[in-house]
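Report on the structure given below.
Since the model is a prediction, treat every value here as computed from it, not as a measurement. Order of the sequence lines fixes the chain letters, A, B, ..., with proteins taken first and strands second; residue numbering starts at 1 for each chain.
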Protein chains: 2
Amino acid sequence: MSTEIEETGALARVPLTRERVLRTAVDLADRGGIESLSMRKLAQALDVVPMALYRHVAHKEELLDGLVDVVIGEIDPARTDTDWKTAMRERILSARRALLRHPWASRVMESRTAPTPVALAYMDSMIGLLRTGGFSLELTHHVLHTMGSRTFGFAQELFNDSGDSDPEAEAQMWEAMAGTYPYIYEIFSTISHDDTSVVGAGCDDQFEFEFALDLMLDGIERLKDRS
Amino acid sequence: MSTEIEETGALARVPLTRERVLRTAVDLADRGGIESLSMRKLAQALDVVPMALYRHVAHKEELLDGLVDVVIGEIDPARTDTDWKTAMRERILSARRALLRHPWASRVMESRTAPTPVALAYMDSMIGLLRTGGFSLELTHHVLHTMGSRTFGFAQELFNDSGDSDPEAEAQMWEAMAGTYPYIYEIFSTISHDDTSVVGAGCDDQFEFEFALDLMLDGIERLKDRS
DNA sequence: ACCTGAACACCGTTCAAGT
DNA sequence: ACCTGAACACCGTTCAAGT
């Protein structure tokens, strides 16, 4: 009967599993950003004492590894009915879509020191695309270095303008740029005409990502044909 | 006289300046890694109470901005006596050398949300190389997106194998790879023959960086000539 | 044997009390 | 008016005491 009361009190006291821990963590990070994801807050969201998490995850690093695995799991498998270039291109764009759904994911991926089996499997199939596509071992290796994190669908932007967008401060920066950074000013002022503001997120990130991706894929293809 | 004792006790009690704070912080990070750089430890290294730092730096974020500025300050200025391609190539390689001297720097740069004036000036002169080299505004913009952080001399490696290098665990991973990740195995086992171990840091990072850089510069040059 | 509250050893930063 | 010790509100994680 005390059991009954407990059950009612905690409603359907779902047992804590690694999967539920990870799912809740992804949710928390999606909602409040990765910096708001602490072991303590995660425990609270799961209605559990912090120490209970350590049954399913050795430490926070392992939790972060798990989050990356969840995101990689959302990437479509590689097509097997086309050439290497199309298959790689489409898969990378699928990876990019997964990362856009979880804006914290690329930063967490950067911070990992050792690849998980899931990440290794992803890499292995990517390399497989090249090898079965006729690339030599050497060229494959160079290509991997060239693509870097782009293989996982992201690239290092120069500055992550997550834009707190204080319009006053922005206008001021704008003014300063014209004088002291003429070339930056020139670019920004002409590029972002399509958007509402003169400054702001005036460029098409998707286009720019594909531009760089294709420049690399084309360059890589040329090297392959030459060898 | 009590003054005299104090002076002797603290020896040449150098006054705290922003520059001395930054220099010590760079030193600390160089020596013990960026994760060992806390406001408290920095204060201790300067033989000062933690709060004293806040006179020279508004918060830790500003300290990190300052560190990035120090590193950018070590990059050679752009040559003015060559074509855009050579000037850009050499400057990026100079930036890379600066980053190699401070292994924590690229990670700190990634974490900055807003560029400092020093970073903006660097970017402005980089863009200037392209513009005076005959690039259209549009192409210049695309190039910036393509190069991304490479402009600052670094690229996202797939995994930062800072190698704790537990040889036993490494051998085990090696064994697992052959079976479950055949393509990764194939690459690693053939590439790193030049080095001592079969695994290990068997590839020439400098070569790989330049390979990718040149692939991009060549692709960019081709686009420019076409337009 | 299992579970967990309290504690530890840290953070960055605030603020009021001291000089 | 300046300086700073103590305190605050957090962390991730250990561990011994409780059941």
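Look at A/Arg40 and you won't find any side-chain N or O under 4.0 angstrom from OP1 or OP2 of D/dG12.
Electrostatic pairing of A/Glu210 and A/Arg89 counts as a salt bridge here, judged by a charged N lying under 4.0 Å from a carboxylate O. Here A/Glu62 pairs with A/Arg18 in a salt bridge; the nearest charged N to carboxylate O distance falls below 4.0 Å.
For A/Lys41, counting side-chain heavy atoms from C-beta on, the closest listed nucleotide (C/dG12, D/dT4, D/dC11) is D/dC11. Listed nucleotides D/dG5, C/dT13, D/dC11 differ in distance to B/Val49; the shortest reach to its side chain belongs to D/dG5.
Take the nearest nucleotide of DNA chain D for B/Met51 and for A/His59: the residue whose nucleotide is more 5' is B/Met51.
The partner of D/dT13 is C/dA7, by the rule that a Watson-Crick or G-U pair needs both atom distances under 3.5 Å. Base-pair partner of C/dG18: D/dC2 (Watson-Crick or G-U wobble, both distances under 3.5 Å).
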Could you pull out all donor-acceptor pairs under 3.5 Å where a side-chain atom in residues 24-35 of chain B meets a protein atom, sequence neighbours excluded?
residue, atom, partner, partner atom, Å
B/Thr24, OG1, B/Arg20, O, 2.7
B/Asp27, OD2, B/Arg31, NH2, 2.2
B/Asp30, OD1, B/His102, ND1, 2.8
B/Asp30, OD1, B/Trp104, NE1, 2.7
B/Asp30, OD2, B/His102, ND1, 3.1

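Ring orientation note: the planes of B/His141 and B/His145 are nearly perpendicular, at an angle over 60° on the 30°/60° scale.
Rounded to whole angstrom, the span from the CG atom of B/Leu42 across to the P atom of C/dC11 amounts to 12 Å. Rounded to an integer number of Å, the gap from CD of B/Glu35 to P of D/dG12 is 17 Å. Rounding to whole angstrom units, CG of residue B/Leu64 and C1' of C/dC11 are separated by 14 Å. A straight line from CG of B/Leu53 to P of D/dC3 spans 14 Å, rounded to a whole angstrom. Straight-line distance from the CG atom of B/Leu37 to the P atom of C/dC11: 10 Å, rounded to whole Å. We find that CD of A/Gln44 is positioned 15 Å from P of D/dA9, with the value rounded to whole Å. Spacing between atom CE of A/Met39 and atom P of D/dT14 amounts to 10 Å, rounded to whole angstrom units. Rounding to whole angstrom units, OH of residue B/Tyr54 and C1' of C/dT14 are separated by 10 Å.
Within the cation-pi definition used here (under 6.0 Å to the ring centroid, within 45° of the axis), A/Arg107 does not qualify as a partner of A/Phe154.
To the nearest whole angstrom, the two C1' atoms, one in C/dT14 and one in D/dG12, are 23 Å apart.
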